[in-house]
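All remarks here apply to the structure that follows.
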There are 2 protein chains.
Amino acid sequence: MILKSQVEWALHCCAILAGLPEGRYLSTKALAELHGLPKEYLSKALQSLSQASLVETTLGPSGGYRLAKPPSDINFLEIVEAVEGKARSFTCTNIRANNPCRPEGYCDSKPCAVARIMWEADEAWRDTLRRVRLSDLVGTLSEEVPSDIWRSTFEWVLKRAG
Amino acid sequence: MILKSQVEWALHCCAILAGLPEGRYLSTKALAELHGLPKEYLSKALQSLSQASLVETTLGPSGGYRLAKPPSDINFLEIVEAVEGKARSFTCTNIRANNPCRPEGYCDSKPCAVARIMWEADEAWRDTLRRVRLSDLVGTLSEEVPSDIWRSTFEWVLKRAG
DNA sequence: GGAATTAAGGATATATCATATCCGAAAACG
DNA sequence: CGTTTTCGGATATGATATATCCTTAATTCC
């Protein structure tokens with residue numbers, strides 16, 4: 001049960017977008033080069049963010065992506081689900097229904113007890129991600145990343161944004 | 001990020017094994033037929049449980065599997081990790097290291113902030129599973145499954161155990 | 001002792017999905 | 001108009017889940 005690498009990419013890209021000056025866009029090319037990622041494939045992750053209305057886009061030179069909402073209004077779960085999908089990690093195939101001792105046409109009142117427990121764990125995972133805002137990540141990063149690296153990184157990407 | 005179907009199979013099989021009379025074994029064949037599963041492939045899941053020392057095995061006719069510990073000493077996480085592995089769902093490829101603005105030889109003191117959050121969510125998932133014992137599942141099942149179906153199911157599998 | 005049964009594990013085949021690249025269309029900008 | 005960009009479709013490739021088959025060794029029963 002491994003998350004797509006696009007999840008990691010999307011989170012890091014959102015962190016950069018969150019630090020952009022008001023109104024500026026950042027292209028796929030700039031984000032790919034900054035992180036050392038394949039541009040064409042990263043583009044798919046960014047498209048997912050766009051479809052989830054987490055980022056806005058504009059075309060043409062100096063176009064690209066920017067956040068559609070303030071970083072405090074975006075949580076980790078939104079980003080993760082945008083690229084990974086909203087499907088639960090455990091799917092119940094209802095194998096109890098194959099039990100030959102069950103009478104014909106017997107109908108269960110509740111979902112399978114095993115599935116309920118697995119779904120509860122899945123919810124705990126999602127709850128944790130829901131509680132972390134993108135602004136929290138940016139706060140942590142600006143504390144931990146040396147300020148000169150942090151600053152020159154944004155100068156670097158903005159130079160590429162024209 | 002989907003769990004293997006073997007996880008579902010293993011959990012249901014453990015629930016049945018937990019209800020067996022003391023000292024009895026149940027074969028792969030019986031467990032596969034009870035749940036309508038491919039015998040050869042289910043065998044791989046049971047082998048995983050065996051390698052994790054969750055079940056004991058014996059060969060020959062009337063051989064098969066039984067729990068190695070009382071159901072109250074086995075939790076969901078043990079079963080899930082036995083077949084799914086212990087690897088975290090999020091793997092950090094440290095793409096921040098590709099940032100061209102980082103000085104040569106710069107070394108991060110902490111693991112990536114993104115990874116720390118994703119791992120925290122992963123721990124929340126594991127914690128939930130760790131807190132549920134196999135005996136809890138059996139308790140729920142014996143409450144919810146009509147007693148005649150519950151009883152005839154064990155008669156059915158025990159007949160197949162010789 | 002011999003036949004049947006069983007778990008264990010290796011080898012292999014198939015299907016699904018993640019990863020990755022390429023291309024054409026439409027939009028924005030100078 | 002020419003360049004740059006997002007977007008979506010098409011396609012290729014690699015890894016992994018799913019599934020089956022076969023051999024070996026251990027155990028039980030006759």
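Sequence lines set the chain letters: A, B, ... in the order given, protein chains first and strands last, and positions in each chain run from 1.
The residue among T58(A) and P38(A) whose nearest nucleotide of DNA chain C lies closer to the 5′ end is P38(A). Looking at which nucleotide of DNA chain D each of P61(A) and G63(B) is closest to, the 5′-most match is held by P61(A).
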Report the C-alpha distance between D127(A) and R130(A) in whole Å, list the side-chain angles of each, state the deciding distance to 0.1 Å, and finish with yes or no for salt bridge (Lys or Arg N to Asp or Glu O under 4.0 Å).
-> CA-CA 5 Å; D127(A) 273 339; R130(A) 215 178 339 247; 2.9 Å; yes
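dT16(D) atom P lies 15 Å from atom CD of Q6(B), rounded to whole Å. Rounding to whole angstrom units, CD of residue E33(B) and C1' of dT5(C) are separated by 14 Å. The interatomic distance linking K39(B) (NZ) with dT5(C) (C1') rounds to 10 Å, in whole Å. For the pair K44(A) NZ and dA20(C) P, the computed distance is 13 Å after rounding to whole Å. For Y25(B) and dT5(C), the OH to C1' distance is 15 Å, given to the nearest whole Å. Taking atom CG of L46(A) as the reference point, atom P of dT6(D) lies 8 Å away to the nearest angstrom. Summarising the geometry, the separation between CD on E56(B) and P on dT27(D) is reported as 13 Å, rounded to the nearest angstrom. A straight line from CG of L59(A) to P of dT6(D) spans 8 Å, rounded to a whole angstrom.
When only modelled atom types and interatomic distance are considered, R96(A) and N94(A) share a side-chain donor-acceptor pair under 3.5 Å. At a cut-off of 3.5 Å, with distance as the only test, a side-chain donor of S43(A) or Q47(A) sits close to an acceptor on the other residue.
Of all nucleotides listed (dA7(C), dT5(D), dA17(D)), dT5(D) comes nearest to the side chain of S27(A). Listed candidates were dA10(D), dT6(D), dT20(D). Nearest to the side chain of E40(B) is dT20(D). Taking only side-chain atoms of W9(B), from C-beta outward, the nucleotide of dA20(C), dT20(D), dA19(D) with the closest atom is dA19(D). If you check dA11(C), dT28(D), dT19(C) against the side chain of Y41(A), the one that comes closest is dT19(C). Here the nucleotide nearest the side chain of K4(A), chosen from dT19(C), dT21(C), dA27(C), is dT19(C). You'll find that the side chain of T57(A) is closest to dT6(D), out of dC23(C), dT6(D), dA26(D). Listed candidates were dA4(C), dA28(C), dC7(D). Nearest to the side chain of Q47(A) is dC7(D).
In this model, the phosphate group of dC7(D) is approached by a side-chain N or O of Y65(A) to a distance below 4.0 Å at OP1 or OP2. Between dT19(C) and S5(A), a contact under 4.0 Å exists linking OP1 or OP2 to a side-chain N or O. The side chain of S50(B) places an N or O atom within less than 4.0 Å of a non-bridging phosphate oxygen (OP1 or OP2) of dA8(C). OP1 or OP2 of dA7(C) lies within a sub-4.0 Å distance of a side-chain N or O belonging to T28(B). Taking side-chain N and O atoms only, Q51(A) has no distance below 4.0 Å to OP1 or OP2 of dC7(D).
Two residues are said to be in side-chain contact when any heavy atoms from C-beta on lie closer than 4.5 Å; I95(B) and E8(A) meet this criterion. Using a 4.5 Å cut-off on side-chain heavy atoms (C-beta onward), R160(B) and S27(B) make no contact.
Checking side-chain atoms of E84(B) against main-chain N and O of K4(B) turns up a donor-acceptor pair under 3.5 Å.
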